[in-house]
Amino acid sequence: QVQLVESGGGSVQAGDSLRLSCLASGRTFSSYAMGWFRQVPGKEREFVARISRSGTISYYAESVKGRFTISRDNAKNTVYLQMNNLKPGDTAVYYCAATQMVGTTTATTAYDNWGQGTQVTVSS
């Protein structure tokens, strides 16, 4: 198991940028693929981005492709989500998650370690 703590959320204007961070506990961070998800009230949690264990392969939801970048620093046990050109539709609670499952894992059920979430609010 790994414990995850997100930070970096906030309230911004449309077109602004934010960088979310997710700090993982434990010595086995590099054995986990990491993902970012988001959720708005009344809707299901949705996939945003995923990065492989080594950080060499990433995968994005179509809605954020070209605007968001996921990265990781295994020496710091941290995964990041750089969010540029934010839109009001990006408003949500953002969660990081960890999985040891192999493959392009975008389903929430593939991840068994979750952070508590950080709120991102984008106003027009």
Side-chain angles (χ1 to χ4, degrees):
Q1 292 290 323
V2 61
Q3 293 187 338
L4 306 172
V5 179
E6 302 97 334
S7 61
S11 296
V12 297
Q13 299 284 323
D16 287 349
S17 298
L18 276 177
R19 188 176 81 156
L20 306 183
S21 300
C22 174
L23 177 64
S25 65
R27 301 180 180 179
T28 60
F29 177 68
S30 60
S31 70
Y32 290 87
M34 299 297 295
W36 284 97
F37 291 76
R38 65 187 182 186
Q39 188 171 23
V40 298
K43 293 191 175 181
E44 292 187 355
R45 193 168 297 186
E46 67 172 5
F47 169 77
V48 175
R50 175 195 180 274
I51 192 165
S52 62
R53 290 161 180 76
S54 63
T56 57
I57 300 172
S58 56
Y59 183 77
Y60 298 92
E62 285 297 322
S63 59
V64 306
K65 196 174 293 184
R67 299 188 297 123
F68 290 11
T69 302
I70 189 171
S71 62
R72 67 189 295 163
D73 186 337
N74 286 345
K76 295 182 178 180
N77 280 16
T78 303
V79 62
Y80 305 97
L81 185 68
Q82 177 67 42
M83 305 185 295
N84 298 329
N85 190 22
L86 282 160
K87 303 176 180 181
D90 296 318
T91 295
V93 176
Y94 283 72
Y95 298 89
C96 72
T99 180
Q100 293 185 307
M101 187 175 292
V102 177
T104 306
T105 46
T106 63
T108 56
T109 53
Y111 295 78
D112 50 11
N113 298 274
W114 291 87
Q116 84 289 350
T118 185
Q119 176 70 47
V120 172
T121 303
V122 184
S123 57
S124 58

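Side chains are part of it too, since the values below use all heavy atoms of this structure and drop only hydrogens, waters and symmetry mates. Quick caveat, the model's predicted, so the values are computed rather than measured.
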Checklist line | Flag, side chain of Thr99 to backbone of Ala110, donor-acceptor distance under 3.5 Å | finding: yes
Next item on the list: For the residue pair Asp73 and Thr78, confirm or rule out a side-chain donor-acceptor distance under 3.5 Å.
Entry: no
Check: Atom CD1 of Ile70 and atom CD1 of Ile57: how far apart are they, to the nearest 0.5 Å?
Finding: 12.5 Å
Notebook entry, point to check: In the single-linkage hydrophobic clustering (I, L, V, M, F, W, Y; side-chain heavy atoms under 4.5 Å), do Val64 and Val120 co-cluster?
Noted result: yes
Next item on the list: Identify the two heavy atoms, one from Leu86 and one from Met83, that lie closest to each other, and give their separation to 0.1 Å.
Entry: CD2-CB, 3.8 Å
Notebook entry, point to check: Which distance, rounded to the nearest 0.5 Å, do you find between the CZ of Phe47 and the OG of Ser63?
Noted result: 9.5 Å
Margin query: Rounded to the nearest 0.5 Å, what separates atom CG in Leu23 from atom CG in Leu4?
Written below: 8.5 Å
Next item on the list: Mind listing the closest non-hydrogen atom pair of Pro88 and Ser123 along with its distance?
Entry: CG-C, 4.4 Å
Note to self: For Phe29, does the six-membered ring have the charged nitrogen or CZ of Arg72 within the cation-pi criterion, i.e. under 6.0 angstrom from the centroid and within 45° of the normal?
What the structure shows: yes
Item checked: Donor-acceptor pair between Tyr59 and Arg50 side chains, under 3.5 angstrom -> no
Item checked: Side chain to side chain, Arg53 and Ser30, heavy atoms closer than 4.5 Å -> no
Check: Checking Thr91 side chain against Thr121 main chain: does a donor-acceptor pair fall under 3.5 Å?
Finding: no
Note to self: Determine whether a donor-acceptor pair (N or O, by modelled atom type, separation under 3.5 Å) exists between the side chain of Asp112 and the backbone of Ala97.
What the structure shows: no
Check: Are the side chain of Gln39 and the backbone of Glu44 linked by a donor-acceptor contact shorter than 3.5 Å?
Finding: no
Item checked: Linked, directly or transitively: Val122 and Leu81 (ILVMFWY side chains, under 4.5 Å) -> yes
Notebook entry, point to check: Roughly how far, to the nearest 0.5 Å, is the OG1 atom of Thr69 from the CZ atom of Arg19?
Noted result: 11.5 Å
Next item on the list: Using the ring of Tyr95 (Phe, Tyr or Trp, six-membered ring only), decide whether Arg45 places NZ or CZ under 6.0 Å from its centre and within 45 degrees of its axis.
Entry: yes
Check: Shortest non-hydrogen contact from Ala49 to Tyr60?
Finding: CB-CD2, 3.6 Å
Check: Between Tyr111 and Phe37, is the ring centre distance below 6.0 Å?
Finding: yes
Notebook entry, point to check: Between the side chain of Asn113 and the main-chain N/O of Val2, is any donor-acceptor distance below 3.5 Å?
Noted result: yes
Next item on the list: Could you state whether Val93 and Trp114 fall into the same hydrophobic cluster, counting links through intermediate Ile, Leu, Val, Met, Phe, Trp or Tyr residues with side-chain heavy atoms under 4.5 angstrom apart?
Entry: yes
Checklist line | Side-chain (Thr118) to main-chain (Ser7) donor-acceptor, under 3.5 angstrom | finding: no
Checklist line | Under 3.5 Å: donor-acceptor pair, side chain of Arg67, backbone of Asn85 | finding: yes
Margin query: Are Leu20 and Glu6 packed together at the side-chain level, in the sense that at least one heavy-atom pair is separated by less than 4.5 angstrom?
Written below: no
Next item on the list: Search all heavy atoms of Asn84 against all heavy atoms of Ser17 and return the closest pair with its distance.
Entry: OD1-OG, 3.0 Å
Check: Hey, what do you get for CD (Gln100) to CD (Gln1), rounding to the nearest 0.5 Å?
Finding: 9.0 Å
Checklist line | Spacing of SG belonging to Cys22 relative to OH belonging to Tyr94, to within rounding of 0.5 Å | finding: 15.0 Å
Next item on the list: Assess whether atom CD of Gln116 is packed by more than 12 heavy atoms of other residues, nucleotides or ligands within 6.0 Å.
Entry: yes
